[in-house]
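Notes to accompany the following structure.
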Amino acid sequence: MSGADRLPSCVLVANRGEIASRIIRTCRRLGVGSVAVYSDADRSAPHVANADRAVRIGSAPAADSYLNIPALIEAARSTGADAVHPGYGFLSERADFAEAVTEAGLSWIGPPASAIEALGDKVAARRLAIASGVPVAEGVEEDEGDAALASAIEAMGLPVMIKAAAGGGGRGMRLLRSADDAPDGIESAVAGARREAQAAFGDGRLLVERAMSEGRHVEVQVLFDEHGNGVHLGERDCSVQRRRQKVIEESPSPAVGEALREELGQAALNVCRAAGYVGAGTVEFMLMPDGSFMFLEVNTRLQVEHPVTEMLTGLDLVELQLRVAGGGALPISQQDVSFDGHSIETRIYAEDPSRGYVPSTGRLRWFDALDYRARHDVGPATGDLVTAHYDPMLAKTIVHAESREAALDRAAEALDGWAIEGVTTNLGQLAAILESEDFRGGAVDIGWLDRVELPQREAPADALAAAALADAEAGAWRSSGELTRKYLLHGRVHEVRMSRTADGWSATVDDATHGPVAKGRDWTAEVSPRGVVVTNNERRWVFLRERRRRTGAGRSRAGGANVVRAPMPGTMIEVLVAVGDEVEAGQTLAVMEAMKIEHLLTAPNAGIVKAVHSSAGDSVDEDAVLIELGATS
């Protein structure tokens with residue numbers, strides 16, 4: 001039977017956002033039907049419109065929708081789908097979901113439940129790696145509760161990484177480098193990791209391993225069929241991380257040569273083969289400066305960063321998943337795999353790096369990727385509401401070039417072509433990383449982004465002057481013949497002053513004289529109410545107009561140093577103080593959850609708790625006053 005004969009007829013995609021749209025895209029190309037599912041918050045989301053059919057599965061909270069196994073199975077049955085693709089996150093690494101799918105007579109597009117249990121569980125995977133002869137870090141595998149695990153950590157000594165045993169994506173993780181990372185005690189840090197793991201994966205078990213901050217995070221993509229055939233597709237370097245979550249990924253790794261690539265690939269294949277793996281998976285390693293490596297975990301699913309491997313190899317990983325899920329043989333062997341050039345992915349998040357990566361919510365007034373030379377895997381669209389219910393990742397931009405240096409330049413250009421208005425994003429940080437000497441020189445490790453202070457990206461004066469000239473010629477100047485415009489590129493404000501003279505227009509850009517500005521054949525500019533898009537050949541810059549943020553009831557940030565406010569909409573997990581308590585500056589007063597991440601709310605200064613306005617379980621709006629402090633006597 002050929003690979004084409006093994007394809008399912010209709011796939012239910014048990015996910016949302018960009019990964020749902022990406023899976024649906026391959027299904028359409030292969031002539032396979034697709035069914036999207038959606039919560040009340042995603043009724044008008046692009047992935048719903050992209051699919052052949054769509055089914056509502058519950059209200060906005062993930063527990064009521066994308067984590068609702070009975071609702072997902074019923075959606076597949078009612079639409080005639082014969083297969084289920086879990087994407088990444090949510091239920092993708094839950095063995096009970098895989099079992100429920102197969103018990104319902106549907107094809108599960110992923111590894112069998114037994115492999116998920118053996119590898120998706122970090123403790124079981126660690127033991128399997130040891131049995132396969134793959135080195136692992138020192139660790140504590142037994143989890144007998146918060147107090148016992150805290151004692152084991154104290155005996156082991158810092159630094160350590162606390163990990164959710166049953167999940168990935170940075171959820172349920174705490175890096176404790178020193179006592180400063182656990183200001184409320186190690187047991188409190190353990191309890192916080194357990195809560196986050198339970199909320200994200202429905203399983204609060206934890207694993208502790210020795211933290212290695214000097215290493216690089218390198219992972220290997222593997223593919224297996226049910227006949228025992230397996231291949232690796234090279235490595236991805238994911239060392240640029242914030243809050244233990246990846247920000248930029250690239251392939252190949254600048255730290256891996258051909259011999260080490262083969263060694264890592266064989267180690268990854270050995271671990272997965274021992275577990276009876278089928279489908280696409282990723283084996284993650286810590287690569288040390290001396291070239292040694294240690295096993296971290298296996299992600300028994302498609303990775304967020306799989307596009308860089310696709311760009312490098314020319315393979316469609318979702319297509320390969322579909323072909324082997326029905327029992328077909330892998331259509332490629334290791335000898336068929338080749339690597340061409342260099343690929344880089346940047347993850348665009350709705351968050352503010354300058355405020356500790358606080359997620360940003362709001363209506364997307366403009367959301368468009370205008371650099372058409374890059375691949376953009378996107379979740380929302382212009383007009384959509386970014387809520388606190390789901391992960392803050394909005395999109396991924398992926399580029400490919402003949403060399404790493406060329407790929408770095410292309411990635412930076414692609415970021416300049418993003419038009420995002422309505423939420424704060426990390427575009428500026430991404431651009432600064434790509435231009436930093438450390439990253440361009442390949443000298444980063446997993447702790448690098450937390451240590452460095454990145455300069456803001458400079459906007460080209462010529463492009464800014466071209467934008468202002470377009471505004472001026474559109475009739476925006478004052479009767480005095482002068483025009484002042486403020487534009488934003490990646491959140492940074494640039495001021496351009498235009499003066500009309502007998503010889504035309506002259507510009508001053510950010511207080512530096514630019515001189516006469518004239519139209520050129522290579523420069524075009526398109527003016528809209530939101531901003532100006534400047535194009536030079538195929539290169540685009542999107543300059544947004546600076547807008548003052550409107551404030552209203554409950555939105556003002558004023559209130560003085562004795563007020564603790566919600567940094568974003570979310571749910572209160574725990575309030576740790578009561579009226580009358582005396583607190584110290586920096587002490588954790590409450591814990592809230594937003595976008596699947598816990599946030600610690602700390603005292604801005606020492607004082608006495610004067611009022612508490614929320615309790616565990618409350619939903620709170622951004623800027624809502626949660627706790628008020630008074631002066632100590």
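Bear in mind that the values here come from a model prediction, so they are computed numbers and not experimental data.
Residues in residues 342-367 take part in these ring-ring contact (aromatic ring centres under 6.0 Å, His included) pairs, two or more places apart or across chains: Phe367-Trp418.
Note that the CG atom of Leu312 and the CD atom of Glu250 stand 11.0 Å from one another [nearest 0.5 Å]. Rounding to the nearest 0.5 Å gives a distance of 5.5 Å between OG1 of Thr361 and CD of Glu622. Taking CG from Asn50 and CD1 from Ile24, the interatomic distance works out to 6.0 Å, rounded to the nearest 0.5 Å. Separating the OG1 atom in Thr387 from the NE2 atom in His389 is a distance of 5.0 Å, to the nearest 0.5 Å. Rounded to the nearest 0.5 angstrom, Leu589 CG and Leu626 CG are separated by 10.0 Å. Here the CG-CD1 distance, from Leu287 to Ile446, works out to 11.5 Å after rounding to the nearest 0.5 Å.
Within the 4.5 Å cutoff, the side chain of His306 has heavy atoms near those of the Ile19 side chain. Val378 is not listed as a side-chain neighbour of Leu394, based on a closest heavy-atom distance of 4.5 Å or more. Side chains of Val620 and Thr571 form no contact here, defined as non-hydrogen atoms less than 4.5 Å apart. The closest side-chain heavy-atom distance from Arg485 to Met498 is not below 4.5 Å. Contact annotation: the side chain of Ile344 approaches that of Leu408 to within less than 4.5 Å [non-hydrogen atoms, C-beta and beyond]. Under the 4.5 Å side-chain criterion, counting only non-hydrogen atoms from C-beta, Glu538 is not in contact with Glu413. Side chains of Thr346 and Leu415 form a contact here, defined as non-hydrogen atoms less than 4.5 Å apart. Inter-residue side-chain proximity for Asn426 and Ile348 is flagged as met; some heavy-atom pair is nearer than 4.5 Å.
Checked by atom type and distance alone, the side chain of Arg363 pairs as donor or acceptor with a backbone atom of Gly383 at under 3.5 Å. A donor-acceptor contact shorter than 3.5 Å is absent between the side chain of Glu235 and the backbone of Ser251. Side chain of Glu310 to backbone of Leu317: a donor-acceptor contact under 3.5 angstrom is found. In this structure, Thr26 contributes its side chain and Ile23 its backbone to no donor-acceptor pair below 3.5 Å. The backbone N or O of Val423 sits nowhere less than 3.5 Å from a side-chain atom of Ser360 that would complete a donor-acceptor pair. With hydrogens and angles disregarded, no donor-acceptor distance shorter than 3.5 Å links the side chain of Tyr487 to the backbone of Leu464. Within the 3.5 Å criterion, the main-chain N or O of Tyr38 finds no donor-acceptor partner in the side chain of Asp42. A distance-only check finds no donor-acceptor pair linking the side chain of Asp618 to the backbone of Ser614 [under 3.5 Å]. A donor-acceptor contact shorter than 3.5 Å links the side chain of Tyr390 to the backbone of Ala60. Side-chain N or O atoms of Thr513 include none that pairs as donor or acceptor with a backbone N or O of Gly515 at under 3.5 Å.
Lys396 has a carboxylate O that lies under 4.0 Å from a charged side-chain N of Glu18, or vice versa, which qualifies the two as a salt bridge. The pair Arg545-Glu421 fails the salt-bridge criterion, with no side-chain N (NZ, NE, NH1 or NH2) lying under 4.0 Å from an Asp/Glu carboxylate O. Salt-bridge annotation for Asp445 and Arg216: absent, with no side-chain N of the basic residue lying under 4.0 Å from a carboxylate O of the acidic one. Residues Asp409 and Arg440 are paired through a salt bridge, judged by an N-O separation under 4.0 Å between the basic side chain and the carboxylate. Ionic pairing of Asp377 and Arg25 is present here: one or more N-O contacts between side-chain nitrogen and carboxylate oxygen are shorter than 4.0 angstrom. The pair Asp511-Arg497 meets the salt-bridge criterion, since a charged nitrogen lies less than 4.0 angstrom from a carboxylate oxygen. Electrostatic pairing of Arg174 and Glu196 counts as a salt bridge here, judged by a charged N lying under 4.0 Å from a carboxylate O. In summary, Glu305 and Lys246 engage in a salt bridge, as defined by a charged side-chain N under 4.0 Å from a carboxylate O. Ion pair Asp371/Arg410 flagged as a salt bridge, since at least one NZ, NE, NH1 or NH2 atom sits closer than 4.0 Å to an Asp/Glu carboxylate oxygen. By the 4.0 Å N-to-carboxylate-O rule, Arg236 lies too far from Glu249 to be salt-bridged with it.
Applying the side-chain hydrogen bond (donor to acceptor under 3.5 Å, both in side chains) test to Ser239 and every residue at least two apart in sequence or in another chain returns Asp237. Not counting sequence neighbours, the partners of Leu600 by the side chain to side chain contact (heavy atoms under 4.5 Å, CB included) test are Thr588, Val591. Taking the side chain to side chain contact (heavy atoms under 4.5 Å, CB included) definition, one finds that Val493 meets it with Lys486, Leu488, Glu546, sequence neighbours left out. Qualifying side chain to side chain contact (heavy atoms under 4.5 Å, CB included) partners for Asp40, counting only residues two or more places apart in sequence or in other chains: Arg43, Arg56, Ser59. With sequence neighbours left out, Ala463 forms a side chain to side chain contact (heavy atoms under 4.5 Å, CB included) with Pro460, Trp523, Val534, Trp541, Phe543.
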Would you sort out whether Gln429 and Leu449 count as a side chain to side chain contact (heavy atoms under 4.5 Å, CB included), showing the intermediate values? CA-CA 10 Å; Gln429 184 190 58; Leu449 189 56; 4.0 Å; yes
One pair to check against side chain to side chain contact (heavy atoms under 4.5 Å, CB included): Thr382 and Leu364. What are the steps and the verdict? CA-CA 5 Å; Thr382 297; Leu364 291 170; 5.7 Å; no
Run Ser343 and His400 through side chain to side chain donor-acceptor pair (under 3.5 Å) and show every step you take. CA-CA 4 Å; Ser343 183; His400 177 263; over 6 Å; no
Side chain to side chain donor-acceptor pair (under 3.5 Å) between His47 and Asn15, intermediate numbers included: CA-CA 9 Å; His47 78 274; Asn15 217 296; over 6 Å; no
Arg375 and Glu345: CA distance, side-chain angles, deciding distance, salt bridge (Lys or Arg N to Asp or Glu O under 4.0 Å) verdict: CA-CA 9 Å; Arg375 169 178 168 176; Glu345 174 181 286; over 6 Å; no
Worked check of side chain to side chain contact (heavy atoms under 4.5 Å, CB included) between Ile420 and His490: CA-CA 9 Å; Ile420 304 178; His490 305 332; over 6 Å; no
How far apart are the C-alpha atoms of Asp316 and Arg22, what are their side-chain angles, what is the distance that settles it, and do they pass the salt bridge (Lys or Arg N to Asp or Glu O under 4.0 Å) test? CA-CA 11 Å; Asp316 183 331; Arg22 186 264 169 277; 2.9 Å; yes
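Judged by distance alone, the side chains of Ser354 and Asp352 do bring a donor and an acceptor atom under 3.5 Å apart. Checking Gln303 against Gln221 by side-chain atom types alone, no donor-acceptor pair falls below 3.5 Å. Gln245 and Arg242 are linked by a side-chain donor-acceptor pair at a separation below 3.5 angstrom, with hydrogens and angles left out of the test. Checking His217 against Glu284 by side-chain atom types alone, a donor-acceptor pair falls below 3.5 Å.
A pairwise comparison of heavy atoms in Ala465 and Ala507 identifies CB-CB, 4.2 Å as the closest pair. Of all non-hydrogen atoms in Met592 and Pro569, the two that sit nearest each other are CE-C, 4.1 Å.
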